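Okay, structure first, notes after.
These numbers were taken from a predicted model, which means no experiment stands behind them. Here is the naming used below: chain letters follow the sequence lines, and residue numbers restart at 1 for every chain.
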Amino acid sequence: MLELRLVQGSLLKKVLDAIKELVKDANFDCSTTGFSLQAMDSSHVALVSLLLRAEGFEHYRCDRNLSMGMNLDNMAKMLKCSGNDDIITIKADDGSDSVTFMFESPTQDKISDFEMKLMDIDSEHLGIPEAEYHAIIRMPSAEFAKICRDLASIGDTVVISVSKEGVKFSTRGDIGAANVVLRQNTTVDKPEEATIIEMNEPVSLTFALRYMNSFTKATPLSNIVTISLSSELPVVVEYKIAEMGYIRFYLAPKIEE
Amino acid sequence: VNAQRQITSFFSKT
């Protein structure tokens, strides 16, 4: 038996909006730790890792580890039927081939339940080793989204270079080229407006902008994004989910051949 | 020419 009650139900809608462009079908894994998901895009170029910790739910009951295969477009359709202030409860019985989403209005005067069929999904689970990163950039998520959007109108790939000058995002396309340089800036009114660049070693990597732009669908989840770079490793683009966990996107670099 | 690498060439199956 599984019963997860999330008071801030809108969080779940934002999570779905963040990943459904990248991944179509995925297994949600439920354990005593929390509600999690790991999935790759169909080309196996990007990977998303989601964790919503058990402590973040008002009520969390998971009698045994359960993996529930869901079509994310269908799940998003169902969650769209909830009100923005609704409490969402996810329920499933052991061995059941369906999951129920229950929506309660804040004043408890409207209660609905939507039952969704589960599916069998063959998915590979990858081990993600702890790594030392050459550079870690912490910046406003809206700024990162704007840079990715702007550069995608010029080119298909972005070169992210970190040096002691700061972090440079560069692209090149048929109509021209663009460079955006950000310097560390901690003299801001609010901590979430700061740009902090931690560099152990200079690093420069090339990535497909299409994927980066897809990751920025997670922007409504957090004011801050953290980008971790190491040569010879996928970049990690992380959005923290307040008091609950995170969404981490991993993207394999492009390499010269 | 830049070639796109895959995630599976960095992380292995568990």
Side-chain angles (χ1 to χ4, degrees), chain A residues 22-23 27 29 36 38-49 67 122-131 133 155-160 170-173 204-212 214-215 228-237 248-257, chain B:
Chain A
L22 196 67
V23 177
N27 284 315
D29 298 312
S36 65
Q38 192 202 83
M40 281 184 280
D41 76 296
S42 58
S43 313
H44 292 193
V45 167
L47 179 144
V48 54
S49 172
S67 188
D122 268 335
S123 69
E124 309 168 42
H125 203 271
L126 301 183
I128 302 169
E130 286 284 317
Y133 284 94
D156 296 330
T157 60
V158 57
V159 181
I160 307 179
S170 311
T171 193
R172 182 170 293 281
S204 180
L205 287 161
T206 304
F207 301 101
L209 274 167
R210 182 166 72 84
Y211 289 98
M212 285 290 181
S214 166
F215 303 164
S228 305
L229 295 152
S230 242
S231 52
E232 293 304 306
L233 274 184
V235 61
V236 191
V237 179
R248 291 179 187 147
F249 298 101
Y250 296 82
L251 177 59
K254 290 188 159 226
I255 47 154
E256 293 232 1
E257 277 207 335
Chain B
V1 178
N2 280 326
Q4 178 64 65
R5 293 191 61 184
Q6 289 196 323
I7 281 287
T8 40
S9 68
F10 296 95
F11 303 147
S12 50
K13 280 189 221 178
T14 54

In terms of heavy-atom proximity below 4.5 Å to chain A, should B/Thr8 be classed as side chain, backbone, both, or neither?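 Contact with chain A: backbone and side chain both.
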
Heavy-atom contact with chain B under 4.5 Å, split by part of A/Ser43: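 Just its backbone gets close to chain B.
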
If you take the centroid of each ring, where Trp contributes its six-membered ring, are A/Tyr250 and B/Phe11 closer together than 6.0 Å?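 Yes, the ring centres sit under 6.0 Å apart.
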
Non-hydrogen atoms of B/Asn2 and A/Lys254 that approach each other most closely: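 Nearest heavy atoms, B/Asn2 then A/Lys254: CB-CB, 3.9 Å.
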
Atom of B/Gln6, atom of A/Ala252 and distance for their closest heavy-atom approach: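 Minimum heavy-atom separation between B/Gln6 and A/Ala252: C-CB, 3.8 Å.
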
Quick one: side chain to side chain contact (heavy atoms under 4.5 Å, CB included) partners of A/Glu232, sequence neighbours excluded?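 Expected list: B/Arg5.
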
Tell me, out of A/His44, A/Met40, A/Glu124, who's got the most heavy-atom pairs with chain B below 4.5 Å.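 When all of A/His44, A/Met40, A/Glu124 are compared, A/His44 has the most.
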
